[in-house]
Structures are given as C-alpha cells and as structure tokens.
Amino acid sequence: MEIKKVMVIGAGQMGGGVAQVSAQTGWETVQYDINMELVNKGIGVMDKNLSRNVSKGKMTEDEKKAILGRIKPSVSLEDAADCDLVIEAIVENFEIKKKVFSELDRIAPPHAILASNTSSLPITQIAATTRRPDKVIGMHFMNPVPVMKLVEVIRGLATSDETYQIVEEASIKMGKVPVWCKDVPGFISNRVLQVMINEALWELYEGVAPAENIDNIMKLGMNHPMGPCALADLIGLDTILSILNVMYEGYGDPKYRPSPLLKQYVQAGWLGRKTGKGIFDYSK
Ligand code: CAA
Ligand code: NAD
C-alpha cells in the first residue's frame, strides 16, 4: 500500500511534531484535535519550527509554505474517511484512546492502518477495541519529533507482517530509524528511561540533592544531553506518571512505583514545560 494521506490525532507536543514530519515527507496531513484553538496552537508551533529552519538556511520560505500547505486542520474524526494511515497522539489514557480507536475503526477505510504513539499502553488491548486488530500497531516517536531519529515500532499480538512492513517503510520515508519490539508495558524505551527519571524524582523527594545537581551529574558525568529532571519537564509529568502506573500495574513490580513527589506535582498541575512549571520554573 502506498501512503498518500495521513491523519494525526492530537495536536499537542507529540502530535504536532508527527504532523510536521508527515507533511515534510510530502504526505497530505490532517491535523486533528478536540477544538480549533488546540489545532491552531499545534500548527503555530510547527510554523515556528519551520521558520527556524528557514532562518538557518535549512529550507526555503517556499518549501516551508508547501509543507504548511499540506496540513489540513480538523476537529472532525470523519476526516479519517480517506486516510491511509492514522497516527493517534492524544493523552496517555486507555479509556480515552479506546473511544477514539473505535470511532476511527468505524470511519477509516478498510485498508487504513491505525497507529498509536502511546508511550506504554498495550497495543494488543488498543487493537482489540477495533475490528481490524491486524492493522493496529504502535508507532512510538520520540520527543522532540522533528529532531529525534527513533521510531519504536510495537507489534501487538494480532499485528500482521504486512502492517509492520508498511509502517517500517513509512518510518524510513519520514527520515526515522524504526526499531521494533514486542508489546510489553513501557516497551523497551520507557522501561529503561522512566525508571531512571523516577529514581531522580525519588532522590529529589528524599532531599538527596537539588534538581540542578541531579541533572548535572547525568549531563557532566554520563554525557546525557539533558538531565532527568529537565527531561521529565520536557516529556510532561502527567505523561510520566501515567507511564509508571501502566508499568507498575502491568508487571506488579514495586520497582516502577511512582515517587510521591511526582504524584504531588501532577496534582498541583505542575506538568513541566507545557504548563510553565514542573520540577523547574519556565514562567520567565
Ligand atoms: N522542536 C523542533 N526542533 C527542536 C526542538 C523542538 N521542540 N528543540 C530543539 N530543536 C532543534 C533545534 O532547532 C536545533 O536544530 P539544528 O540542529 O537544526 O540547529 C537542534 O534541535 C538542537 O537544539 P538546541 O541547539 O536548541 O538544543 P540542544 O542541542 O540542547 O538539543 C534536544 C535539544 C534535541 C532536545 C536535546 O537536549 C536532547 O536530545 N535531549 C534529550 C531528548 C530526549 O531524550 N528525548 C526522548 C524523550 S522520551 C520520549 O520521547 C518517549 C516517551 O515515551 C516519553
Ligand atoms: P500533550 O498533552 O502535549 O497533548 C495531548 C493532546 O491530546 C492535547 O492537544 C489534547 O487536546 C489532545 N486530546 C485529548 N483528548 C483528546 C481526544 N479525546 N481526542 C483528540 N485529542 C485529544 O501530550 P503529548 O506529550 O503530545 O502525548 C501524547 C501521546 O504521545 C501520549 O500517548 C504520550 O504517552 C505519547 N508520547 C509522549 C511523549 C512525550 O515526550 N511527551 C513521547 C512519546 C510518546
């Protein structure tokens, strides 16, 4: 199957990035969110990213215009009716994703692949909410999507080889490197990454050191581009808490239990960069 039209569900930091890369690939791209304000906010971020590329001489103004011209804003899931690939990137919550997938299954043409950018939720369970589990797959992009090379491709129990091959090819066309794994809670990436971030939050909770010190240890000592606290704020503390809870419940192993401080930050609405405050303050 040749992909010509893609729909991205969710215009947050991940969905917006995926839509940008999809349009850059040359695909007609529908950018959906629950209201036009959120869709426009996502497209505004895209515009800013592309303008930065123009000012750095990495693309021309005309190329930027052509990319944005391939984006169609949408607040109706019915727009999936003529799409070949739908990539969902909404909140990390199974019940909300379930509703969206069963709707998409009703609307999208029978050949369409339904992919989820979930960080941790079982692809097999998401697939079971549709009548096409063979065409449901995980396409786990990394943040920030336009920069990071990886797509972790998660094969659910029923995902067909054909679906996997189409998605592998699509990821390469998007300029990414697909790496597959089986469907386990947290996949490969977040089983490793979130345990590190959670441990940093436990250290913070115990008062071992301030966040700056924890980050400096990992940046200067381990050559990480960002420390775990800054990375947590980039990802979103709500998303991290959801991922840890999925792994905690999924494996029944206390090593995944979220730090109480993480829970408290989420309760306070301190979700990281997206709310202007998380472990660090971004209000200035
Ligand atoms: N969107 C688009 N482009 C961005 C960007 C964004 N949000 N942030 C940075 N960039 C671009 C910059 O424009 C710059 O581009 P050029 O090379 O063309 O000039 C490039 O990225 C480097 O940016 P900066 O020089 O401003 O800053 P930096 O060198 O510190 O890099 C970073 C920023 C790429 C974010 C880097 O700090 C990094 O790699 N951090 C770690 C990110 C990471 O670990 N991501 C994975 C998160 S986990 C995940 O995604 C999975 C999950 O399920 C939670
Ligand atoms: P975000 O909070 O930035 O954006 C989520 C978007 O989903 C919002 O714009 C919201 O309006 C929209 N949304 C909520 N309910 C919706 C619904 N019913 N229908 C359509 N849209 C709805 O979140 P994000 O960081 O972009 O994360 C999105 C997904 O990507 C999650 O599954 C997350 O686990 C995954 N993910 C996140 C990261 C990360 O670093 N943040 C990395 C990889 C994967």
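Indexing begins at 1, ligand by ligand and atom by atom, following the structure's order.
- For ligand 2, the polar-atom distance check finds an N/O of K97 within less than 3.5 Å of one of the ligand's N/O atoms.
- The single protein non-hydrogen atom nearest to atom 27 (O) of ligand 2 is M14 CG, 3.9 Å, given as residue, atom name and distance.
- No heavy atom of G236 sits closer than 4.0 Å to any atom of ligand 2.
- A salt bridge (charged side-chain N to carboxylate O under 4.0 Å, His left out) check over residues 137-151, counting only residues at least two apart or in different chains, returns nothing.
- Among residues at least two apart or in separate chains, side chain to side chain donor-acceptor pair (under 3.5 Å) pairs with a member in residues 194-218 are N190-Q194.
- Scanning all protein heavy atoms for the shortest distance to atom 28 (C) of ligand 2 gives I90 O, 3.3 Å.
- Using a 4.0 Å cut-off between charged side-chain N and carboxylate O, R106 and E78 make a salt bridge.
- Using a 4.0 Å cut-off between a side-chain N of Lys or Arg and a carboxylate O of Asp or Glu, D161 and R155 qualify as a salt bridge.
- Here's the thing with Q13: one of its N/O atoms is less than 3.5 angstrom from an N/O atom of ligand 2.
- In terms of N/O distances under 3.5 Å, ligand 2 is not approached by L234.
- Contact annotation: for K274 versus ligand 2, heavy atoms closer than 4.0 Å belong to the side chain alone.
- Between the side chains of Q20 and Q24, a donor-acceptor pair is found at a separation under 3.5 Å.
- Atoms of ligand 2 lying under 4.0 Å from any heavy atom of S119, numbered from 1 in the order shown and given with element: 33 (C), 34 (O), 35 (C), 36 (N), 37 (C), 43 (C), 44 (C).
- Contacts between L38 and ligand 2 below 4.0 angstrom, taking non-hydrogen atoms only, involve the side chain exclusively.
- Heavy atoms of T239 found under 4.0 angstrom from ligand 2 belong exclusively to the side chain.
- If you look at ligand 1, the protein residues with a non-hydrogen atom under 4.0 Å away are N49, R52, K56, K58, S119, H140, M142, N143, P144, P146, V147, M148, N190, L193, Q194, P225, M226, L231, I235.
- Shown in contact with T118 at under 4.0 Å from a heavy atom are these atoms of ligand 2, numbered in order with element: 32 (O).
- Short contacts between ligand 2 and I96, defined as distances under 4.0 Å to a heavy atom of the residue, involve ligand atoms 18 (N).
- Scanning the protein heavy atoms around atom 8 (C) of ligand 2, the nearest turns out to be D33 OD2, 3.6 Å.
- For Y32, no nitrogen or oxygen atom sits less than 3.5 Å from a nitrogen or oxygen atom of ligand 2, counting backbone and side chain alike.
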Verify salt bridge (Lys or Arg N to Asp or Glu O under 4.0 Å) between D233 and K277, making sure each step is shown before the conclusion. CA-CA 8 Å; D233 279 350; K277 177 149 180 56; over 6 Å; no

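- Under the salt bridge (charged side-chain N to carboxylate O under 4.0 Å, His left out) criterion, no residue pair touches residues 35-44, with sequence neighbours excluded.
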